[in-house]
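Below, chains carry the letters A, B, ... as their sequence lines are ordered, and counting in each starts from 1.
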There are 2 protein chains.
Amino acid sequence: MQRDVTISEVGPRDGLQMVSQVMPTEVKCRWIAALHAAGLPEIEVASFVPPALVPQMADAEAVTRFAKTLPGLHVAVLVPNKRGAEAAVAAGADKITLTLSASEKHSQANLRRSRERQMEEARALAAHVMALATATRPSLEAGLSTAFGCSLQGEVPEREVVEMAVALAEAGFDSVGLSDTAGYAQPAQVRRLLRAVRAEIGERCDSLHMHDTMGLGLANVTVGVEEGIRIFDGALAGLGGCPFAPGASGNIVTEDLVFLLESLGLRTGVDLDALLAARAILAEALPREPLHGAYARAGRPTGWRAAA
Amino acid sequence: MQRDVTISEVGPRDGLQMVSQVMPTEVKCRWIAALHAAGLPEIEVASFVPPALVPQMADAEAVTRFAKTLPGLHVAVLVPNKRGAEAAVAAGADKITLTLSASEKHSQANLRRSRERQMEEARALAAHVMALATATRPSLEAGLSTAFGCSLQGEVPEREVVEMAVALAEAGFDSVGLSDTAGYAQPAQVRRLLRAVRAEIGERCDSLHMHDTMGLGLANVTVGVEEGIRIFDGALAGLGGCPFAPGASGNIVTEDLVFLLESLGLRTGVDLDALLAARAILAEALPREPLHGAYARAGRPTGWRAAA
């Protein structure tokens, strides 16, 4: 399978975490298998957080072990700290992501610690992972939340985002992704910030995690593509919605992301019809959850062809 | 009022034409006044078509005359032919637009005549308008429908779009707008086609009319901005929906278009809060019509400022 661009599906983690209903492990696995069957090369399947905090992720280990049985799948997980990373590595995760907030207020509200304290956690985690034997060492990503603005703080100075990205690269993170947690990013800002960060850490800044709160998610992806980004997060059907905008998608919709990238001539390796089949599993499992997406509503344009 | 970009509101024409309910003239005028009060510099207020064909536009003359009483408003109307243009000029329209389909199949299905026959109509119309006394002569626009693809025909060859744009410029049209009638456009295509058309007729190709069928409307606008386009159509609340995608917006949502452009640092002269007030009129007048838009759902981002 030739791919020009990688879509990392975050529905089973980021999406489900926002859904009050807890999806049974068996259904989760069936859904993840369907996402894999649709050609998604990477799926963020779980978060290794304490079950008391996030009951939706209580089966993180079982789900990760199942995902590892799917041929060729890059299995990504979120970890809050070194302890979570140990559990994730034991379960066989290929990639572990730690999130840090670029906004001090968001860091305090969401992680209950300062950015400085979380950066110490990041350094300890990186040292731990880098000391692992090559055979078990997952790739290590930092996700910079609220990189484009914060619902609590408003503007997040670009200089601070750049400084954190540099610190994370120096700590040993393989990659640093920029996340538009609040959905505030606009295209000119995406271009500017990507250039500023990549001027310092180059291609270690390799991915974008965009939200569609203000309807600009795919415009921002378009700019990301133009700037050379080739890894994008998406959530099937925009699962989980947006806490700031009831009825809106939070994460950009994977189906629409695939449609955009393929229309731009970039091969994703993802089959849109098969994605709709995975969506049907979701519709059945979470009947109260609104499912978003233009492609699912409008269907394939007459004469449209995927990238070849 | 300093503006860097012009938004042409097409809700009262393009939006209402897609709504089965006929809006009373009084409500239409109140709505148009609210749109004007929000700072929209141009509104397409009516279509001078036979009332038997489009009952929603039976009051075109009265609405146009009313709109002309609003200070500084550029009053745009659609006309199907020379007879419509005569009525529009008599009512005082500042701008008249004739649409032609770039897709032969769409031309036959929508206009019930070939592209060639419609081009003759366009030449006759242009000759008629150019012969008018300067004081009464409106500006004359051609709208090239299905310029980015057609739901009936699929792909529309770019060469044919360029040829039609050249013919229209030669016929004397002041401007040629490109319309993504089916909502099939993608950003790379928008850039390519704009460059191809503008290489031939320069700034006479000055506007984009984008739909959001596939969720790419604002991504396409972003590229249009980068290519130098400074006139964009939008419909308040995406009124009228999309015939190809029930539940989706057809025309891009004016509120979201304003938000994007202002975020990019381009002054629109439009006040977003006042737009929401105009939206409330619509919600009351057309209670069965779905109203779209991210800005209306999500509200203003914390710390967000309009362009200054």
Side-chain angles (χ1 to χ4, degrees), chain A residues 103 105 148-156 182-191 211-223 225-226 242 244-249 252-253 255-257 259-266 292-305, chain B residues 103 105 148-156 182-191 211-223 225-226 242 244-249 252-253 255-257 259-266 292-305:
Chain A
S103 149
K105 278 198 183 171
F148 299 93
C150 169
S151 57
L152 303 169
Q153 171 177 315
E155 199 183 335
V156 173
Y184 287 3
Q186 47 92 347
Q189 177 192 22
V190 172
R191 196 184 296 283
H211 281 212
D212 202 35
T213 314
M214 305 308 296
L216 300 181
L218 296 180
N220 292 329
V221 167
T222 300
V223 167
V225 166
E226 290 172 356
C242 174
F244 311 111
S249 113
I252 53 172
V253 173
E255 304 89 302
D256 296 348
L257 176 61
F259 178 78
L260 167 61
L261 294 169
E262 294 279 346
S263 296
L264 291 173
L266 296 170
H292 305 278
Y295 183 84
R297 253 186 331 234
R300 184 171 297 220
T302 308
W304 185 82
R305 287 179 301 275
Chain B
S103 149
K105 278 198 184 170
F148 298 94
C150 169
S151 57
L152 303 169
Q153 173 178 313
E155 198 182 337
V156 173
Y184 287 3
Q186 48 92 346
Q189 176 192 23
V190 171
R191 197 183 295 285
H211 281 212
D212 203 35
T213 313
M214 305 308 297
L216 300 181
L218 296 180
N220 292 328
V221 168
T222 300
V223 167
V225 166
E226 288 172 356
C242 174
F244 311 112
S249 115
I252 52 173
V253 172
E255 304 89 301
D256 296 347
L257 176 62
F259 178 79
L260 168 62
L261 295 168
E262 294 279 346
S263 296
L264 291 173
L266 297 169
H292 305 278
Y295 183 84
R297 252 187 329 234
R300 185 172 297 220
T302 307
W304 185 83
R305 290 180 299 275

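Contact annotation for B:S263: both backbone and side-chain heavy atoms come within less than 4.5 Å of a heavy atom of chain A. When heavy atoms are compared at a cutoff of 4.5 Å, B:Y295 approaches chain A by way of both its backbone and its side chain. Residue B:Q189: no heavy atom, backbone or side chain, is found under 4.5 Å from chain A.
In terms of heavy-atom pairs under 4.5 Å with chain A, the best-connected choice from B:Q153, B:E226, B:R305, B:E155 is B:E226. Listed options A:G293, A:A219, A:G303 were ranked by heavy-atom pairs under 4.5 angstrom with chain B; first place goes to A:A219.
Nearest approach of A:M214 to B:A298, heavy atoms of both residues: SD-CB, 3.8 Å. Closest non-hydrogen pair, B:A294 versus A:G215, comes out as CB-N, 3.5 Å.
For B:T302 (side chain) and A:S151 (main-chain N/O), a donor-acceptor pair under 3.5 Å exists by modelled atom type. With B:Y184 contributing its side chain and A:W304 its backbone, the two residues share no donor-acceptor pair below 3.5 Å.
A 4.5 Å side-chain heavy-atom check between B:Q186 and A:E262 finds every atom pair outside the cut-off. A 4.5 Å side-chain heavy-atom check between B:L264 and A:P187 finds at least one atom pair inside the cut-off.
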